[in-house]
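Working notes for the structure below.
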Amino acid sequence: MPEKPGSYQYYDAEGTIIYVGKAKNLKSRVSSYFHAEVDRFKTKVLVSKIWDISYTVVNTEEDALLLENSLIKKYNPRYNVLLKDGKTYPSICVTKEYLPRIFQTRTINKKWGTYYGPYSHVGTMHAVIDLIKKLYHPRPCKQPMTEEGVKGGKYRVCLEYHIKNCSGPCVNKQSWDDYQKSIQQAREILKGNTRQVQRELKEEMLKLAEELRFEEAEEVKRRYILLEQFVSHSEVVSHTIDNVDVLSITNDEKVAFINYIHVSNGQINQSFTFEYKKKLDETDEELLQLAIVEMRERFQSHAKEIILPQEVDIDLEGVTITIPQRGDKKTLLDLSLMNGKQYKFDRLKQAEKLNPEQKLVRLMKELQDLLHLPKMPYQIECFDNSNISGSDAVAACVVFKKMKPSKQDYRKYNIKTVVGPDDYASMKEVVYRRYKRLIEEQQPLPDLIVADGGKGQMEVIRQAVQDELGLDIPIAGLAKDDKHRTNELLFGFPARVIGMKDTSELFRVLTHLQDEVHRFAITFHREKRSKHALHSELDNIKGIGPKTRDELLNSLKSVKRIREAELTTLENLIGHAKAQIVYKYFHQEE
């Protein structure tokens with residue numbers, strides 16, 4: 001193969017193109033697939049399917065990039081990155097008619113006009129169209145119009161003319177030259193060159209005023225003010241930055257989101273995020289190379305500078321690659337990255353609405369990555385104690401499966417071996433009892449244990465689980481601040497704080513876990529305590545149950561009145577046999 005830049009194509013046994021690539025040096029690039037040990041499994045699969053190779057030589061690396069991009073679009077090879085482009089997003093079309101129209105559309109046919117967009121944010125597109133309508137009143141009708149028809153008086157003005165939405169170019173109420181000038185200025189606004197249009201309007205306004213044509217100057221002034229108000233709401237970065245492309249990448253396991261921003265005259269006039277479905281675990285550099293060519297072609301950008309988050313091996317004639325570390329350009333790059341992350345988040349939310357299970361799996365995966373767990377924490381168990389000065393000491397265990405409470409697996413424990421208010425000893429006893437029983441019953445063990453507390457609680461759980469039972473279960477802790485609010489996730493021995501935003505969904509799930517175990521333990525403790533508080537002397541009478549006790553108390557109101565009651569009174573309330581038992585209990589001495 002030649003040692004020149006170009007594009008190469010791999011074919012399978014059926015003669016179908018399965019991969020298209022580009023290279024500065026075709027020979028060294030293609031041979032690297034076969035002579036070197038390929039690290040990535042998916043690339044090995046691709047190589048095993050290659051049956052034939054063809055290539056196209058070009059003059060420059062930029063031509064190779066363009067050729068690769070066009071071939072991928074044409075053949076959609078199985079192992080190439082799949083660009084999920086925004087065909088569903090609307091664009092703005094300026095038609096090629098004698099009297100051009102301006103409207104939004106989702107259908108792209110370049111024979112009919114010039115397209116600007118697509119616009120991922122529909123509100124922005126409507127704002128631009130509304131501005132153009134207020135400034136220039138382009139004709140809104142769909143009627144085909146020709147030069148002969150206008151000159152021959154073939155057309156009539158419609159309602160849009162009378163309500164001042166159209167200046168009537170079809171009947172020469174507005175001259176053809178004036179209409180074309182308006183359309184040209186509208187094109188500049190769609191390109192983002194608003195400052196240039198402002199300068200032209202200001203010059204025209206001053207010229208008309210000098211010629212004492214004040215009514216016309218007032219109309220131009222109205223346009224100038226409208227445009228100025230629109231620009232003031234736009235994102236202005238720096239007036240020194242002009243005609244610059246900005247790209248950033250946000251990665252997922254299978255998908256990459258690349259955001260593109262174009263800056264002209266210090267102002268952002270285009271922002272769009274593309275979604276690339278990865279096929280061969282492509283690197284960020286490979287994806288950015290594809291995106292640069294695709295976006296510059298799609299948005300017809302001729303920017304002489306491209307701002308990127310990292311070095312990319314790409315050589316475009318007359319184009320400078322910048323990786324900023326600070327200043328206005330770094331601010332632009334951060335803004336692009338923020339847009340890409342937001343787009344990824346929005347797509348994730350959309351998918352999770354259609355499939356709620358996806359959200360739960362994502363949260364489990366997020367926790368696994370955060371704590372570097374060997375597997376996703378499908379089952380999480382959390383422990384808490386509750387007592388008042390050691391009395392009525394209890395503990396609780398709550399179980400979350402797939403990030404949701406599994407209430408049938410909740411367990412309550414009465415503390416048996418610990419005397420006095422010793423939370424650590426109580427925690428150790430309960431954890432030991434819990435997992436010893438699970439082992440004996442051959443029940444599944446949790447993927448993660450969470451202590452409602454800090455390092456002390458984590459250590460006693462570790463002693464019970466690892467030292468005494470010989471189990472290898474990851475242990476985390478949820479510590480609280482002075483105001484009794486959860487503020488830290490601890491993990492490892494020695495325990496270290498795991499950084500996590502308190503506004504994240506995962507943090508809310510862990511807080512829910514802690515609140516749930518606290519609620520369950522407190523509720524159990526109150527139940528136990530209330531039984532002691534409501535103990536009656538009637539409970540000591542053998543043969544008298546809670547139902548009979550409640551009947552006597554409801555009727556006679558107190559134990560004193562029950563003691564003083566006649567036998568006949570008791571017989572009328574609870575029957576002869578039970579009345580004899582109660583009466584004898586209170587009158588033993590007699």
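The structure presented is a predicted model; accordingly, all values stated were derived computationally and were not measured.
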Notebook entry, point to check: Roughly how far, to the nearest 0.5 Å, is CD1 of Ile50 from OH of Tyr10?
Noted result: 5.0 Å
Next item on the list: Count the heavy atoms belonging to other residues, nucleotides or ligands that lie under 6.0 Å from NZ of Lys278, then report whether that count exceeds 12.
Entry: yes
Margin query: On a heavy-atom basis, which atom in Leu373 and which in Leu367 lie closest, and how many Å separate them?
Written below: CD1-O, 4.4 Å
Next item on the list: Anything under 30° is parallel, anything over 60° is perpendicular, the rest tilted; go ahead and classify Tyr33 against Tyr8.
Entry: perpendicular
Margin query: Using side-chain heavy atoms (C-beta onward) and a distance below 4.5 Å, is Pro309 in contact with Leu333?
Written below: yes
Next item on the list: With side chain to side chain contact (heavy atoms under 4.5 Å, CB included) as the test, would you mind laying out the steps for Asn109 and Trp112 before giving the verdict?
Entry: CA-CA 6 Å; Asn109 188 339; Trp112 303 110; 2.8 Å; yes
Item checked: Reported CD1-to-OG distance for the pair Ile261 and Ser248, which is rounded to 0.5 angstrom -> 7.0 Å
Next item on the list: Output the distance between atom NZ (Lys96) and atom OG1 (Thr114), rounded to the nearest 0.5 Å.
Entry: 6.0 Å
Next item on the list: Compare all side-chain heavy atoms of Ile306 with those of Val244 and state whether any distance is below 4.5 angstrom.
Entry: no
Next item on the list: Taking all heavy atoms of Ala256 and all of Ile249, pick out the closest pair and write down the distance.
Entry: CB-CD1, 4.2 Å
Item checked: Criterion side chain to side chain contact (heavy atoms under 4.5 Å, CB included) on Tyr11 and Ile18, from CA distance to verdict -> CA-CA 6 Å; Tyr11 298 80; Ile18 57 173; over 6 Å; no
Item checked: Gln310 and Ile323, any side-chain heavy atoms less than 4.5 Å apart -> no
Check: Just by modelled atom types, is the Val465 backbone N or O under 3.5 Å from a matching donor or acceptor in the Glu468 side chain?
Finding: no
Check: If every non-hydrogen atom of Val57 is compared with every non-hydrogen atom of Pro2, which pair is closest and at what distance?
Finding: CG2-CG, 3.7 Å
Note to self: Taking atom OH as the centre, does Tyr75 end up with more than 12 heavy-atom neighbours from other residues, nucleotides or ligands that are less than 6.0 angstrom away?
What the structure shows: no
Notebook entry, point to check: Where do Gln9 and Tyr55 land on the side chain to side chain donor-acceptor pair (under 3.5 Å) test, with the steps shown first?
Noted result: CA-CA 6 Å; Gln9 300 86 44; Tyr55 60 88; over 6 Å; no
Note to self: Taking atom NZ as the centre, does Lys133 end up with more than 12 heavy-atom neighbours from other residues, nucleotides or ligands that are less than 6.0 angstrom away?
What the structure shows: no
Check: Is Thr105 reaching over with its side chain to a backbone N or O of Thr107, donor-acceptor style, under 3.5 angstrom?
Finding: yes
Next item on the list: Flag the pair Val399 / Lys401 as yes when at least one side-chain heavy-atom distance between them is below 4.5 Å, and no otherwise.
Entry: yes
Notebook entry, point to check: In Å and rounded to the nearest 0.5 Å, what is the CG to CG distance from Leu438 to Leu471?
Noted result: 9.5 Å
Margin query: I'd like to know if the side chain of Gln289 reaches the main chain of Asp313, judged simply by a donor and an acceptor atom lying under 3.5 Å from each other, with no hydrogens or angles considered.
Written below: yes
Check: Would a distance-only check, ignoring hydrogens and angles, find a side-chain to backbone donor-acceptor pair under 3.5 Å from Arg296 to Asp245?
Finding: no
Next item on the list: Check Val20, Ile17, Val45 against Tyr79 for a side chain to side chain contact (heavy atoms under 4.5 Å, CB included) and give me the one that passes.
Entry: Val45
Next item on the list: Mark yes or no for whether Asp447, through its side chain, and Tyr378, through its backbone, hold a donor-acceptor pair below 3.5 Å.
Entry: yes
Next item on the list: Considering only NZ, NE, NH1 and NH2 on the basic side and carboxylate oxygens on the acidic side, decide whether Lys455 and Glu459 come within less than 4.0 Å.
Entry: no
Notebook entry, point to check: Counting only N and O atoms by type, is there a donor-acceptor contact under 3.5 Å from the side chain of Gln457 to the main-chain atoms of Gly454?
Noted result: yes
Checklist line | Euclidean distance, Lys304 NZ relative to Leu316 CG, rounded to 0.5 Å | finding: 10.5 Å
Check: Less than 4.0 Å between a side-chain N and a carboxylate O, is that true for Arg434 and Glu381?
Finding: yes
Note to self: Tell me if the centroids of the rings in Phe400 and His512 come within less than 6.0 Å of each other.
What the structure shows: yes
Note to self: Arg508 vs Thr511, test: side chain to side chain donor-acceptor pair (under 3.5 Å). Steps then yes/no.
What the structure shows: CA-CA 5 Å; Arg508 286 200 293 271; Thr511 305; over 6 Å; no
Notebook entry, point to check: Less than 4.5 Å apart, any side-chain heavy atom of Asn259 and any of Leu337?
Noted result: no
Checklist line | Heavy-atom neighbours of Glu317 CD exceed 12 at 6.0 Å | finding: no
Checklist line | Greater than 12 external heavy atoms within 6.0 Å of Lys24's NZ | finding: yes
Next item on the list: Determine, stepwise, if the pair Asp409 / Ser406 fulfils side chain to side chain donor-acceptor pair (under 3.5 Å).
Entry: CA-CA 6 Å; Asp409 296 312; Ser406 178; 2.6 Å; yes
Next item on the list: Keeping the roles fixed (side chain from Ser7, backbone from Gly21), state whether a donor-acceptor pair exists under 3.5 Å.
Entry: yes
Notebook entry, point to check: Taking it one step at a time, do Ile321 and Val312 satisfy side chain to side chain contact (heavy atoms under 4.5 Å, CB included)?
Noted result: CA-CA 8 Å; Ile321 303 294; Val312 173; 5.7 Å; no
Item checked: Intermediate values then yes/no, side chain to side chain contact (heavy atoms under 4.5 Å, CB included), Glu305 and Lys329 -> CA-CA 11 Å; Glu305 183 179 7; Lys329 292 180 180 179; 2.7 Å; yes
Checklist line | Arg78 and Asp12 ion-paired at < 4.0 Å | finding: no
Check: Are the aromatic rings of Phe257 and Tyr276 close, with centres under 6.0 Å apart?
Finding: no
Note to self: Would the distance check show the side chain of Asn339 and the main-chain N or O of Leu335 forming a donor-acceptor pair, the cut-off being under 3.5 Å?
What the structure shows: yes
Note to self: Using every non-hydrogen atom in the two residues, find where Cys93 and Gly113 come nearest and quote the distance to one decimal.
What the structure shows: SG-CA, 4.3 Å
Item checked: His262 and Tyr260 aromatic ring geometry - parallel, tilted or perpendicular at 30°/60° bounds -> parallel
Margin query: Tell me the closest heavy-atom pair linking Met458 and Leu490, and the distance in Å.
Written below: SD-CB, 3.7 Å
Note to self: If I compare all heavy atoms of Val517 with all of Cys382, which pair ends up nearest, and what's the gap?
What the structure shows: CG2-O, 3.3 Å
Checklist line | Backbone of Thr283 reached by a side-chain donor or acceptor of Glu286 within 3.5 Å | finding: yes
Check: Heavy-atom distance under 4.5 Å between the side chains of Gln104 and His126, does that happen here?
Finding: yes
Checklist line | Check against side chain to side chain donor-acceptor pair (under 3.5 Å), Thr16 and Glu14 | finding: CA-CA 6 Å; Thr16 304; Glu14 284 75 38; 5.6 Å; no
Check: Is a donor on one side and an acceptor on the other found under 3.5 Å between the side chain of Glu366 and the backbone of Leu506?
Finding: no
Notebook entry, point to check: Got Val255 and Glu275 here, is their nearest side-chain heavy-atom distance under 4.5 Å?
Noted result: yes
Notebook entry, point to check: Roughly how far, to the nearest 0.5 Å, is the CD1 atom of Ile449 from the CD1 atom of Ile461?
Noted result: 6.5 Å
Notebook entry, point to check: Going by heavy atoms in the side chains, are Asn25 and Arg29 under 4.5 Å from each other?
Noted result: no
Check: Does a donor on one side chain and an acceptor on the other come within less than 3.5 Å for Gln180 and Gln184?
Finding: no
